[in-house]
Amino acid sequence: MSIDLSQFHQVFFEESFEGLDIMESGLLELSPDAVNSDDINTIFRAAHSIKGGAGTFGFQLVSDFTHVVETLLDQYRAGSRPVTQSGVDLILESVDVLRALLQDLQAGSSPDTSASDALKKQFEIFLSAETEPEPSSYSEEQSSSQRVTPTQLESNPDSAGSDSGHWAIVFKPSADIVQTGNEPFRIIRELSELGTVSVQVQTDRLPEFTTLDPEQIFLYWHIQLYASCTKEVVLEVFEWVIDDSKVDIEWVTDQELVTVVDNQQTESTQESVMPATEAIGIDTVPDETTENQPGESQKSMDSKPVRAAAVETQSIRVSIDKIDSLINMVGELVITQSMLGQIGHDFSVDKLQRLQEGLMQLEQNTREMQESVMRIRMVPISFTFSRFPRLVRDIAKKLGKKINLQLLGENTELDKTVMEKIGDPLVHMVRNSMDHGIESPEQRLAHGKPAEGQLTLNAYHQGGYIVIEISDDGKGIDPQVIRKKAIQNGLIAEDEQLSDQQLQELIFHPGLSTAEAVSDLSGRGVGMDVVKRNIQELKGTVELVSKVGEGSLFRIKLPLTLSILDGQLLRLGDETFVLPLTSIIESIEVRREQVSTVAGETDVIVLRDEYVPVVRLYEVFNIEPVNKSLFDGIVVVVESANQKIGLHVDDLLAQQQVVIKSLDTNYKRIEGLSGATILGDGTVALIVDIAGLLNIVGDKIDQTSVAMKTAS
Amino acid sequence: MTTQNPKKAQATDMTNEEAQALVESHGEDQYLTFVMDDEEYGVDILSVQEIRGWERATKIPNSPGYLKGVINLRGTIVPIVDLRIKFNLPKVDYTPVTVVIVLKLNFEAGERTVGIVVDAVSDVYSIGEDELKSSPDVSNKKNSQFIRGLATVNEKMVIILELSKLLDDDEIIRNIDEN
């Protein structure tokens, strides 16, 4: 009995959150006009599992609350109450409350019950208000079910208001009850929460020790429950086991036995009551023991959340085919290894060919394996997308707009870490699109557009990137409004000539993105700088295409994973550095006529039609280089955040995939470096972070571009 | 020399309480000592993860001079500090006997693995807490705060270092906090 349940808490929380997601999406699909019983069943099942799990793990708060929700769902399921929008909204709200409760419990803090209590009252009012018109038909339909509504509770004639009696319960679990995951102890503990309990264990079914199957239960119990609750409440405790256990519940007053209707086993009730009362003498468990048990469980419950918070680990669900392919791959690797081992065993020069072949195969195996291991971390973006239908529905309601959300490419996979970090920026952008992009239905009709706005989220793979597009058919971003605002905020000079595209992209500038700008500006602009920064932290980029009157499209491009990168190795003095291959545009040997010096210090090369400032990497990193002159060595043109710079380095070496190791595990983060990696020979090479490098040299380049502008 | 002793690694996993309990039961701590500029220094042996020969480290751009760079320690990146430079001792060229002591140190920001370059490893001594004498007030406060105490072993003075403090006021940690 002393199994530490807390080890399963994490699983319970994860499953519950999944259940809530199922409920949420199910509820959003549910329209009161065309009720699909499958949908309701799905929602009901999810709620029921959460309730059951919460009961098992002693999260009484959650199971109590879920019970009320379930009651309403059960009525919907049975068809005894028409599905209404207000009811669906109420359940949706309860999903939020439950999520908050579970999050608090998961974090180990004591949950805030004010919201759940308030909502529970609402539920009770809702339930009692609308059942009254049809009470008779309702109770008929419910007679086969054990669940009960609060209305029934109040009016139940069985309700034992007097104290002059108790519930006599005989609980004979089926022998294999523990195999179904139910524990008699939990049931008794739950009973003890209803009132004072006296339990007698009956051992007469116990077989001889030699024939005892330890996985089966031969004990059964006689329980006296001194509590003024209804029979339904008592039955509720046995809800999970009633199908394959024998449960008899009787109200015993001082004068007589009042037999109450039971489930299918009513007949056996009569038979078993008498022997039960006779058997009380055997192995009597005194009251104090049963009082102790809940006390203990209470104590362990109190200490559990703290522990749970400490050991909170993240987990990931991986589909079995990914694991299978990994196992296949490992099998191939083993074969290759044994082949190589054989060659190495008695090696002679004539086997060189075979050795080379073997090594090639090994390389291929390793790469394939690396890919499939990376795939384990990949999850479909639907995990993030799935929150949007609800979000859009709620916001559209609040804003009084009609918005149709379309999700595309939900099965596009990306790294779990990337996905977690992109969630908030996406929400922000979707919100912006709805708030500032899509117009009100009247405005839309006036502009000859359909009243319902269209919002599309699209995800797809492109090269080593995942692209997420957020597009709307709203009013777009007016460059002139932005221009006015930017001049007002001192971002640009009054006579500065900027293209519409450049103006629109100013919304990513922190100077424009003040809260004030939102109300004044009819375009967007709340915290888009934050969005951009978040995306850049993920080594991604964001683009904007917008046409006034036709809508806007934000295109986010993110690397699929953060732990591996295609790198270009380069030499600088004695050191090897790695540049992310994706940021490199080209590498050139500079000719003298291409270079001009701006403002006396920064060199600029002419690259086709563009002027690209050159940064001497050895200066930034304080390294003694081999070549100080720009004309020796190589200039690598890189781009980050639409800014191009040339990096002057000594030499380019090989290209290879590198595994990113963090520097701050044992040291610290360094501006201009995104980490380190270990090369084939075991030495460490540092990975250059282009965005960080631009920050370091940014001022210098800004000056240059200003100088260039004035010069032209 | 570079093979990891699993027992030792386990020993470093001990919590302070456990280490304290060990002290109480034996009444003394064990210290690994090393030599630098003819002086003997000691570090708590429980913090020593391994001892390895000096190998070239990858320099970190714009880092303080005492940071020799980072090395690959079985897949993790570990910074290497030259204790001579840190203590303002005359620099020496690294020789084949120059060793790196890899230490697991508890900083405020968490446990970190750091290597220190020293001239040579010397011995292991057991020194009781009561044998430790506080260091005299030396003029160079910056360095004296890394010293936990002085002990005399075989009529020779051993300077026992307080390693978490050694790197505590260090730029390493300050920068971590800033980030």
Side-chain angles (χ1 to χ4, degrees), chain A residues 310 537 563-564 567 569-579 615-625 647-650 653 658-690 692-693 695-697, chain B residues 2 12 15 47 49-50 52-82 100-116 163-164 166-179:
Chain A
E537 272 166 24
S563 54
I564 286 196
L569 306 192
L570 57 90
R571 196 164 48 80
L572 197 63
D574 294 335
E575 304 287 345
T576 307
F577 287 88
V578 182
L579 273 180
V615 171
R616 289 174 160 88
L617 210 54
Y618 67 86
E619 271 181 3
V620 183
F621 285 162
N622 266 322
I623 289 171
E624 192 55 41
L647 299 176
H648 174 238
V649 301
D650 281 340
L653 308 171
V658 296
V659 178
I660 303 174
K661 304 262 179 184
S662 102
L663 275 174
D664 51 348
T665 316
N666 289 314
Y667 186 49
K668 60 173 184 180
R669 256 173 51 195
I670 295 166
E671 183 89 61
L673 296 177
S674 59
T677 191
I678 293 161
L679 299 177
D681 61 356
T683 57
V684 180
L686 301 170
I687 302 168
V688 181
D689 171 26
I690 305 292
L693 199 71
N695 278 343
I696 301 179
V697 298
Chain B
T2 55
T12 56
T15 61
S47 66
Q49 200 188 0
E50 67 182 79
R52 48 194 291 139
W54 161 257
E55 59 183 85
R56 192 184 162 280
T58 302
K59 285 197 192 82
I60 303 256
N62 302 324
S63 58
Y66 59 81
L67 189 86
K68 299 314 288 180
V70 288
I71 59 160
N72 160 24
L73 185 75
R74 288 182 298 278
T76 45
I77 309 289
V78 173
I80 304 292
V81 172
D82 188 330
V100 174
I101 304 176
V102 180
L103 302 159
K104 262 206 172 131
L105 300 175
N106 281 308
F107 297 119
E108 268 176 45
E111 198 178 58
R112 271 155 211 279
T113 309
V114 177
I116 53 172
L163 282 161
S164 52
L166 169 79
L167 299 173
D168 222 14
D169 87 316
D170 210 283
E171 216 170 309
I172 291 184
I173 299 312
R174 219 169 334 166
N175 275 300
I176 286 163
D177 291 346
E178 276 165 21
N179 283 324

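Lettering follows sequence order; numbering is per chain, from 1. Computed over heavy atoms, backbone and side chain alike; hydrogens, waters and symmetry mates excluded.
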- Looking only at atom types and distance, does a side-chain atom of B:N72 sit under 3.5 Å from a main-chain N or O of A:T683, one as donor and one as acceptor? no
- Item | Region of A:S662 that comes under 4.5 Å of a non-hydrogen atom in chain B | backbone
- Whatever's closer than 4.5 Å to a heavy atom in chain B on A:F577 counts as side chain
- Is there a side-chain contact between B:T113 and B:Q49 (heavy atoms, below 4.5 Å)? yes
- Does any heavy atom of chain A fall under 4.5 Å from the side chain of B:I71, the backbone, both, or neither of them? backbone
- Query: So do the side chains of B:P61 and A:V620 get within less than 4.5 Å of each other, counting heavy atoms only?
  - Reply: no
- Task: Let me know if A:V659 has heavy atoms under 4.5 Å from chain B in its side chain, its backbone, both or neither.
- Result: neither
- Does any non-hydrogen side-chain atom of A:F621 lie less than 4.5 Å from one of A:L693? yes
